[in-house]
Amino acid sequence: MDRVFIYWDTSNIFHEAQRLAEEKAEGPGARFRVRLHFENTLRLAHADRPVEKAIAAGSVPPEMRQLWNRMESEGMRVRLFDRGAPDRGEQEMPDRMLQLEMLQDALDYNSDVGIVVLLTGDGAGYIEGAGFHSTLERMHRRGWRVEILSWAHSTNQRMRRWAEQNGVFVALDDFYDSITFMEPSRPGFELAPARAQAELDLSRRQVSH
């Protein structure tokens with residue numbers, strides 16, 4: 001089956017985009033002006049293949065509200081969690097929810113497996129048999145094809161090597177200009193112009209076979 005199942009760790013992808021924006025010549029306050037272009041990022045994930053399921057999870061920083069609204073308007077399920085809970089890390093609940101969804105889909109589609117497309121670089125928990133990496137391995141053993149989309153600088157290297165050997169790893173860095181845009185500086189801050197997203201070129205996007 002060539003249908004894709006998309007699981008998007010929004011906080012991981014967005015926060016690392018902020019870090020990369022600071023390293024590029026994007027002008028003053030780049031970390032706070034960079035935004036993800038949802039339509040291009042989603043298209044990069046499914047690469048014009050049929051989407052069976054798309055779900056995103058994250059915590060609730062206000063600067064991502066526009067992205068969540070765009071996701072929901074395009075039919076993507078969005079699950080948000082309060083990052084202020086004192087008894088758990090910011091990403092613990094979103095990560096666990098996404099992993100549970102992946103495992104449930106592995107069982108529900110056991111005889112009709114597809115392509116799991118995971119947007120995160122978080123490989124924590126593997127030694128304990130937990131986390132995204134372990135979940136991907138379980139799905140792969142059941143016949144799922146695996147694709148990871150993440151920023152090269154922040155991806156767990158063990159998980160990246162495994163994906164390159166057993167599936168596909170797509171470095172979001174190669175599509176930075178297409179999946180991000182820059183808002184202009186706010187009034188009263190050092191001037192920096194806006195930047196629109198570039199056209200997305202899928203011919204450079206490796207897919208699993």
Side-chain angles (χ1 to χ4, degrees), residues 3-20 34-61 63-81 83 89-106 109 114-125 131-136 139 144-156 159-160 163 167-176 178-181 197 200 202 205 207-208:
R3 290 177 294 174
V4 298
F5 295 69
I6 299 171
Y7 309 91
W8 188 335
D9 179 353
T10 59
S11 295
N12 180 273
I13 298 300
F14 176 66
H15 291 322
E16 296 304 330
Q18 289 183 305
R19 184 186 305 182
L20 187 59
V34 68
R35 296 292 181 266
L36 288 173
H37 187 269
F38 170 67
E39 289 83 357
N40 279 0
T41 307
L42 180 62
R43 188 178 177 216
L44 182 64
H46 62 63
D48 291 341
R49 296 166 296 183
V51 177
E52 178 70 17
K53 177 177 182 176
I55 184 168
S59 54
V60 289
E63 62 267 23
M64 293 183 64
R65 171 53 58 188
Q66 184 180 20
L67 175 62
W68 301 326
N69 291 341
R70 295 290 299 178
M71 287 179 165
E72 291 174 330
S73 69
E74 295 294 327
M76 191 167 202
R77 288 175 54 199
V78 178
R79 293 288 306 278
L80 301 176
F81 298 85
R83 67 178 176 178
E90 175 181 340
Q91 275 301 107
E92 181 178 350
M93 290 304 294
D95 289 357
R96 288 187 177 182
M97 190 282 294
L98 280 180
Q99 292 158 27
L100 178 59
E101 290 280 341
M102 294 165 70
L103 291 172
Q104 288 176 335
D105 290 338
Y109 293 87
I115 305 166
V116 52
V117 179
L118 177 65
L119 287 85
T120 191
D122 184 359
F132 288 113
H133 186 172
S134 294
T135 302
L136 288 173
M139 297 180 79
W144 290 74
R145 285 179 278 167
V146 172
E147 299 177 0
I148 295 176
L149 280 64
S150 183
W151 303 104
H153 70 273
S154 63
T155 304
N156 177 277
M159 187 170 71
R160 174 175 178 170
V168 168
F169 175 79
V170 177
L172 294 178
D173 311 56
D174 296 339
F175 300 91
Y176 175 82
S178 298
I179 64 173
T180 68
F181 62 94
Q197 71 283 353
L200 179 64
L202 283 180
R205 203 294 205 185
V207 296
S208 58

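Just so you know, residue 1 is the first one in the sequence shown, and it goes up from there.
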| What pairs with Arg19 under side-chain contact (heavy atoms from CB on, under 4.5 Å), at least two apart in sequence or on another chain? | Glu16, Glu23, Arg31, His153
| Do Phe175 and Leu149 have side-chain heavy atoms sitting under 4.5 Å apart? | no
| task | Evaluate side chain to side chain contact (heavy atoms under 4.5 Å, CB included) for Val168 paired with Val207, printing each intermediate quantity in order. | result | CA-CA 6 Å; Val168 168; Val207 296; 5.7 Å; no
| message | Show the nearest heavy-atom pair for residues Arg205 and Ala45, with the distance to one decimal. | response | NH2-O, 2.8 Å
| said: Using a 3.5 Å distance criterion without hydrogens, assess whether the side chain of Trp151 forms a donor-acceptor pair with backbone atoms of Asp173. | reply: no
| Nearest heavy-atom pair of His37 and Asn40: which atoms, and what distance? | ND1-N, 3.1 Å
| said: Is it the case that the side chain of Arg96 and the backbone of Met93 share a donor-acceptor pair, with hydrogens and angles ignored and the cut-off at 3.5 Å? | reply: no
| query | What heavy-atom pair brings Leu36 and Ala17 nearest, and what distance separates the two atoms? | reply | CD2-CB, 4.3 Å
| Minimum heavy-atom separation for His46 to Asp48, with atom names? | ND1-N, 2.9 Å
| Can you name the one residue among Val34, Leu172, Thr41 that meets side chain to side chain contact (heavy atoms under 4.5 Å, CB included) with Thr180? | Val34
| Which pair of non-hydrogen atoms, one from Leu20 and one from Tyr176, has the smallest distance, and what is that distance? | CD2-CD1, 3.7 Å
| said: What's the separation between atom CG in Leu100 and atom CG in Asp105, rounded to the nearest 0.5 Å? | reply: 9.5 Å
| Quick one: does Met76's side chain get under 4.5 Å of Ile6's, heavy atoms only? | yes
| query | Are Val78 and Thr10 side-chain neighbours, meaning at least one heavy-atom pair lies under 4.5 Å? | reply | no
| request: Could you tell me whether the side chain of Arg77 and the main chain of Ala57 form a donor-acceptor pair under 3.5 Å? | output: no
| CG of Leu80 to CE of Met97: how many Å apart, nearest 0.5 Å? | 8.5 Å
| Do Ile55 and Leu98 come close enough that some side-chain heavy atom pair is under 4.5 Å? | yes
| Side chains of Leu136 and Met102: does their closest heavy-atom pair fall under 4.5 Å? | yes
| message | Has Arg160 got a side-chain atom pairing as donor or acceptor with Phe169's backbone, closer than 3.5 angstrom? | response | no
| Using the ring of each side chain (for Trp, its six-membered ring), is Trp8 parallel, tilted or perpendicular to Phe38, with breaks at 30° and 60°? | parallel
| query | Tyr7 and Phe132: aromatic ring centres closer than 6.0 Å? | reply | no
| Which distance, rounded to the nearest 0.5 Å, do you find between the OG of Ser154 and the CD1 of Ile13? | 7.0 Å
| query | Does Thr120 offer a backbone N or O that forms a donor-acceptor pair with the side chain of Asn12 under 3.5 Å? | reply | no
| request: Report the distance from atom CZ of Arg43 to atom CG of Leu200, rounding to the nearest 0.5 Å. | output: 5.5 Å
| task | Keeping the roles fixed (side chain from Arg145, backbone from Ser208), state whether a donor-acceptor pair exists under 3.5 Å. | result | yes
| query | Rounded to the nearest 0.5 Å, how far apart are NZ of Lys53 and CZ of Phe5? | reply | 8.0 Å
| field | Nearest heavy atoms of Ala106 and Met139, plus distance in Å | value | CB-CG, 4.0 Å
